[in-house]
Amino acid sequence: MKKLSLLSLLILVVRRDLVLAMRRRADVLTTLIFFVMVVSLFPLGVGPEIDMLRKMAPGVLWVAALLASMLSLGRLFSADYLDGTLEQMLLAPQSLSVLVLGKMASHWMVSGLPLVLLTPVLGLQFDMSVPAIGVLMLTLLLGTPVLSMVGAIGAALTLGLRGGGVLLSLLVLPLCIPVLIFGTGAVQAVTSGLNVSAHLSLMGALLVLALVFTPWVTAQALRISME
Amino acid sequence: MKKLSLLSLLILVVRRDLVLAMRRRADVLTTLIFFVMVVSLFPLGVGPEIDMLRKMAPGVLWVAALLASMLSLGRLFSADYLDGTLEQMLLAPQSLSVLVLGKMASHWMVSGLPLVLLTPVLGLQFDMSVPAIGVLMLTLLLGTPVLSMVGAIGAALTLGLRGGGVLLSLLVLPLCIPVLIFGTGAVQAVTSGLNVSAHLSLMGALLVLALVFTPWVTAQALRISME
Amino acid sequence: MAINWFKYSAPTTFYPLAGKLIPWFAVSSAILFAIGLYIGFVVAPADATQGEFYRIIFIHVPSSIISMLLYMVMAGYAALGLIFNTRLSSMMASAIAPTGALFAFISLWTGALWGKPMWGAWWVWDARLTSELILLFLYLGFISLHASIDDPRRADRASALLAIVGSVNVPIIYFSVKWWNTLHQGSTIKYSGTSMHVAMQQAMFTMLAACWLYAIVIALTRVRSIILDREKNTKWINELDEVRS
Amino acid sequence: MSLDIWMRENPLTYVWIGSYAVAFAIFAVEIAMVVHKRKITLQQVRLMREASEED
Amino acid sequence: MLEVSNLACSRGDHRLFSGLSFALYPGQIMQIQGANGSGKTSLLRTLCGFITPDEGKISWCGADVCDLDEDYFAQMMYLGHLNAIKDELSALENLRISAGLSGIELSEKDAVAALRRMGLKGRERLPTKVLSQGQRRRVALARLLVNDAPLWILDEPLAALDVGAVALIGELIAEHLARQGMVIFTTHQPLIVAGMEMRSLSLS
Amino acid sequence: MLEVSNLACSRGDHRLFSGLSFALYPGQIMQIQGANGSGKTSLLRTLCGFITPDEGKISWCGADVCDLDEDYFAQMMYLGHLNAIKDELSALENLRISAGLSGIELSEKDAVAALRRMGLKGRERLPTKVLSQGQRRRVALARLLVNDAPLWILDEPLAALDVGAVALIGELIAEHLARQGMVIFTTHQPLIVAGMEMRSLSLS
Ligand code: HEM
Ligand SMILES: Nc1ncnc2c1ncn2[C@@H]1O[C@H](COP(=O)(O)OP(=O)(O)OP(=O)(O)O)[C@@H](O)[C@H]1O
Ligand SMILES: Nc1ncnc2c1ncn2[C@@H]1O[C@H](COP(=O)(O)OP(=O)(O)OP(=O)(O)O)[C@@H](O)[C@H]1O
Ligand SMILES: [Mg+2]
Ligand SMILES: [Mg+2]
């Protein structure tokens with residue numbers, strides 16, 4: 001019996017969650033389809049004028065990504081909570097923060113990354129230009145991990161509560177507004193020919209900030225919820 | 001011991017659900033706040049150009065109403081399911097459809113009607129004209145009951161399932177698209193000076209259709225889910 | 001005749017029958033694809049207005065038609081399964097759904113590729129396009145609901161109800177979308193209404209038949225796996241040759 | 001823009017690669033999935049059969 | 001009269017019972033026995049029509065219950081594992097509403113009387129959230145007092161009850177049988193019903 | 001060595017126990033007794049650090065467990081009401097992953113051997129979804145075989161197990177005690193551990 005290092009623990013958790021996600025493929029797909037569906041509802045509501053759609057596109061995609069990632073967060077800890085695995089994780093003799101980071105990472109790979117990869121297709125539906133789509137993807141790539149990480153705090157706090165879904169959105173959405181503003185701001189900058197690096201570096205800073213603090217905060221929230 | 005008529009059964013169910021909603025006020029408020037929040041995210045995502053916002057407004061409000069009502073639908077039957085009341089309802093010697101209709105009605109009063117009443121405030125945020133707001137409210141008044149009713153089918157089908165929320169939206173959103181289209185279409189018609197009565201009567205027709213069929217279908221779905 | 005139907009609606013007899021039919025359908029489908037592609041690309045002349053691009057039609061139209069047809073077939077099987085409680089019908093419905101969704105996807109994809117040279121945009125919010133997209137969503141909803149329920153009988157019945165509700169809604173959705181689109185902008189899109197060349201027609205029908213046979217082959221193969229999975233505790237499954245070897 | 005030009009110059013390649021190759025790739029993937037599913041299911045059924053024979 | 005012939009039921013891949021036949025006549029009582037997971041609850045839920053049996057028929061007074069549907073429900077009351085009471089409502093409101101759902105308009109006076117008989121005096125107007133587990137079960141059981149259905153289907157009615165309440169349930173059942181009622185129930189505890197022969201059915 | 005002094009714990013408004021003190025030395029075993037709802041699970045969860053006690057102190061080898069934190073967790077293993085296994089994974093994957101989470105890299109061979117000892121031969125690679133309740137519990141208990149923590153905290157380890165498995169658990173515990181391990185557990189069934197004096201603690 002060999003002791004595991006922190007890195008291999010992280011890899012173990014990520015791999016476990018990815019394997020589980022693959023065996024429950026329906027859950028992963030539903031998030032993705034929800035995203036596509038919300039995005040496609042907007043033209044139906046706003047009308048097919050392509051000019052307006054093009055302008056709305058980054059906002060709509062970002063808001064839809066925000067909502068999809070909020071909704072999928074409900075499942076981040078709840079399965080482990082219900083079958084008792086979360087208890088065992090809290091008793092792990094290694095850093096709980098690392099475990100949590102692993103779960104965040106796999107949540108992002110399963111519910112954030114696919115959204116990023118789908119963005120070009122949806123962007124074309126709104127007739128966005130190619131550089132705009134590129135920047136949009138870049139901002140989503142930087143921003144969705146932040147959503148997963150900040151959302152994890154909310155998921156940990158609302159674990160096992162009635163009406164958890166809506167409550168979760170209420171807690172987390174306000175915290176995610178900066179990400180939304182920088183994300184859409186960058187795309188608007190590129191379409192009006194401005195420099196986007198300021199926006200992107202701000203988002204990078206947010207990402208680093210989230211990486212440093214949220215795993216620890218989420219670990220604390222989990223300890224509170226399991227009492 | 002007097003036997004109850006169908007009408008008084010309906011009233012009983014509606015009253016019961018309203019009393020329960022009042023004693024759990026937080027749930028009602030969360031739906032409302034979610035609605036306000038989604039609507040307010042859009043200007044942040046799309047940018048402050050008032051012309052575009054005015055054009056988007058009906059679509060955004062409708063989509064937000066759709067999403068808010070989807071999210072609150074998760075709770076339509078789940079509380080009764082978990083504490084066993086739903087079992088007793090299925091064994092009621094009177095029409096299950098009437099019971100279901102009562103639950104739909106109170107769901108609408110609690111989560112659809114408040115949205116309609118909030119619309120003027122949010123409409124003004126987007127600088128909509130007064131007649132447009134009037135028509136928007138009218139369409140929401142006709143449309144949100146349809147959302148509650150069609151959504152009830154989805155809620156009954158996904159009762160007690162893992163990842164219920166997203167799945168519910170996935171099932172129900174496509175079915176609600178006609179309501180969305182006619183609802184926003186009416187507002188666009190009034191802003192471009194056209195006659196709205198065609199839209200409104202179509203929505204009325206959808207409402208009648210839903211009233212006739214959905215309670216029965218939902219009752220069947222409940223029987224399937226309780227097996 | 002009636003007896004025959006019931007006989008083949010039992011998984012016990014249907015399973016080997018399907019096994020025997022699959023190779024025939026598969027071979028004819030492959031042959032028809034070959035013929036269709038030959039006529040479509042070699043025999044049929046280029047279109048006067050659309051040039052070579054119009055050749056997308058030979059895959060686009062069959063897959064569009066089949067995606068819609070399969071939804072009706074699926075809903076029909078689902079309804080049969082719900083009303084008469086026949087296991088096989090429900091299994092057929094769940095076997096058809098993924099194929100239907102893929103055809104809807106192909107239709108969207110090829111349509112988008114056609115749109116680029118014709119309209120200059122990959123996607124416009126046209127009535128037909130939008131309703132095909134919604135059809136894809138309906139398929140995905142059916143599949144997701146079925147996959148989320150662990151108890152197979154409840155899964156069958158719940159998703160059957162959904163399919164039926166969906167099929168009632170399809171016309172409503174279609175007309176609403178159509179109306180929505182024509183309200184503001186005059187019809188920006190018109191398909192080339194010229195009468196078709198004979199070879200084009202032949203290619204299209206051959207491809208349609210090929211796609212249809214392909215769908216049958218896939219649905220039958222899939223339903224055989226479903227039967228195996230659902231009935232794995234029964235005696236007849238454990239006595240099948242492919243299981244024992 | 002470069003795609004537009006390439007497309008106009010090579011319409012048949014565009015049609016072939018864009019539509020038919022993708023469609024047939026999808027068909028191929030679906031066939032592979034169905035065959036794989038059959039293999040897996042058979043394997044599972046055999047496993048269950050062996051497990052029940054051991055009892 | 002409830003008649004069950006050749007009933008078979010399975011959950012998931014698992015056959016719980018098959019070839020089960022019995023008849024229950026007015027004034028008779030029957031206990032279902034069996035280990036955990038042997039299918040007692042499943043049998044009762046099949047009798048209620050929640051679960052469609054794989055094979056066999058359940059008939060009420062000669063007619064198949066599937067055809068009778070709501071007419072059968074009017075003749076029957078089911079009390080399951082779950083109490084079917086709302087935490088937010090008081091015991092009184094709960095009882096009146098659940099009577100209303102089964103089609104009976106119950107006056108406040110009758111409801112209070114039923115709750116007092118169940119030993120809930122002084123607690124009628126408290127939200128059930130603050131009641132103890134046993135008191136919550138009593139609220140659910142009070143429905144037996146305000147219902148005139150001849151067939152009672154009770155799943156572990158004694159769970160969480162203390163000795164006094166168990167005796168009271170025995171009394172209630174004896175009265176019901178004396179009125180030519182029928183009772184079918186499961187329990188892991190002994191239940192004594194005065195002066196009645198207890199039939200029992202074992203699921204293995 | 002686990003030492004508990006003057007422990008008090010309450011859930012909701014309700015004081016479950018107070019003034020509880022005991023010490024557990026290497027090679028000792030202790031059973032917690034008490035009616036349903038008397039607070040056995042709450043006590044064990046307090047010992048694990050999930051619940052902060054109202055009063056009192058829990059110390060491990062002289063140091064407060066709140067200060068030790070992860071060092072204490074490395075010395076302890078807890079097995080609760082819930083099995084902590086994933087339906088979608090096979091027994092083998094489950095065991096290897098849960099060993100990994102407690103910081104041990106378990107080779108496939110060792111894992112298979114442990115599962116066989118628990119009587120799961122031939123079922124190592126089936127998804128646990130298709131296993132029976134007792135088999136699922138065995139998968140969870142297999143963790144006892146691959147863990148070298150000296151303190152075992154077991155909440156109803158015998159639930160859902162048949163006679164053979166109960167005897168096996170008795171053996172495992174006896175071996176663990178012989179290795180100078182410590183065990184604290186609850187159960188409603190009798191458990192015989194060969195040649196050990198069983199201390200017991202009653203909660204009322
Ligand atoms: C993503 C884009 C598209 C989608 C989703 C789509 C969808 C459909 C559907 C559902 C049909 C079947 C209609 C029926 O059988 O009644 C169809 C037929 C057809 N489509 Fe498309 N389409 C798309 C793009 C295009 C484009 C760009 C063109 C050519 C400019 C085109 C030309 C046709 C033609 C000629 C037919 C057959 C005509 C008929 O039967 O009415 N489609 N399409
Ligand atoms: N929906 C379901 N899907 C699959 N299996 C099920 C389902 N419901 C119950 N079972 C299984 O059916 C069996 C019978 O369950 P049932 O609840 O009828 O037992 P019981 O005799 O009432 O037990 P208890 O004494 O614990 O109440 C159990 O093994 C259970 O695991
Ligand atoms: N989160 C909570 N809030 C309020 N009360 C609680 C909470 N958790 C448990 N209780 C109450 O605390 C008491 C003790 O519960 P506990 O689970 O410790 O009992 P137990 O002795 O383990 O019972 P069992 O033998 O059934 O396992 C119970 O009366 C329970 O209702
Ligand atoms: Mg039971
Ligand atoms: Mg306990």
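Just so we're on the same page: letters track the sequence lines, and every chain starts at 1.
For C:Trp236, the CH2 atom counts as densely surrounded, since its 6.0 Å shell holds more than 12 non-hydrogen atoms of other residues, nucleotides or ligands. The 12-atom threshold is exceeded at OH of D:Tyr20, counting heavy atoms of other residues, nucleotides or ligands nearer than 6.0 Å. Residue-environment remark: OH (C:Tyr71) exceeds the threshold of 12 foreign heavy atoms within 6.0 Å.
Remark: aromatic rings of D:Phe24 and C:Tyr214 are distant, center separation not under 6.0 Å. Between D:Phe27 and C:Phe33, the gap from one ring centroid to the other is short of 6.0 Å. The aromatic ring centres of D:Tyr14 and C:Phe53 sit less than 6.0 Å apart.
Contact annotation: the side chain of C:Phe41 approaches that of D:Leu12 to within less than 4.5 Å [non-hydrogen atoms, C-beta and beyond]. Two residues are said to be in side-chain contact when any heavy atoms from C-beta on lie closer than 4.5 Å; D:Arg49 and C:Lys232 fail this criterion.
Heavy-atom distances place both the backbone and the side chain of C:Thr99 under 4.5 Å from chain D. The contact between C:Ile237 and chain D is made entirely by side chain atoms (from C-beta outward), counting heavy-atom distances below 4.5 Å. Looking at D:Ile31, both its backbone and its side chain come within 4.5 Å of chain C, counting heavy atoms on both sides. Contacts of C:Phe58 with chain D are made by both backbone and side-chain atoms, with heavy-atom separations under 4.5 Å.
Side-chain atoms of D:Arg8 come within 3.5 Å of backbone atoms of C:Pro117 as a donor-acceptor pair (strictly under, hydrogens ignored). Under a 3.5 Å cut-off, the side chain of C:Trp114 and the backbone N or O of D:Val15 do not form any donor-acceptor pair.
Annotation for C:Ile106 and D:Ala23: closest pair CG2-CB, 4.0 Å, computed over non-hydrogen atoms. Closest approach of C:Leu228 to D:Val45, counting heavy atoms only: O-CG2, 3.8 Å.
With rounding to the nearest 0.5 Å, the separation of CD1 in C:Ile56 from OG in D:Ser19 is 3.5 Å. Atom CG of C:Asp229 sits about 12.0 Å away from atom CZ of D:Arg38, to the nearest 0.5 Å. Note that CG of D:Leu42 is 8.5 Å distant from CZ of C:Arg224, once rounded to the nearest 0.5 Å. Between the NE2 atom in D:His36 and the OG atom in C:Ser225 there is a gap of 10.5 Å [rounded to 0.5 Å].
Between C:Arg222 and D:Glu30, at least one side-chain N (NZ, or NE/NH1/NH2) sits under 4.0 Å from a carboxylate O, which counts as a salt bridge. At a threshold of 4.0 Å, the pair C:Glu242-D:Lys39 does not count as salt-bridged, since none of the basic side-chain nitrogens sits closer than that to a carboxylate oxygen.
No other option in C:Ile218, C:Ile226, C:Thr221 has as many heavy-atom pairs under 4.5 Å with chain D as C:Ile218.
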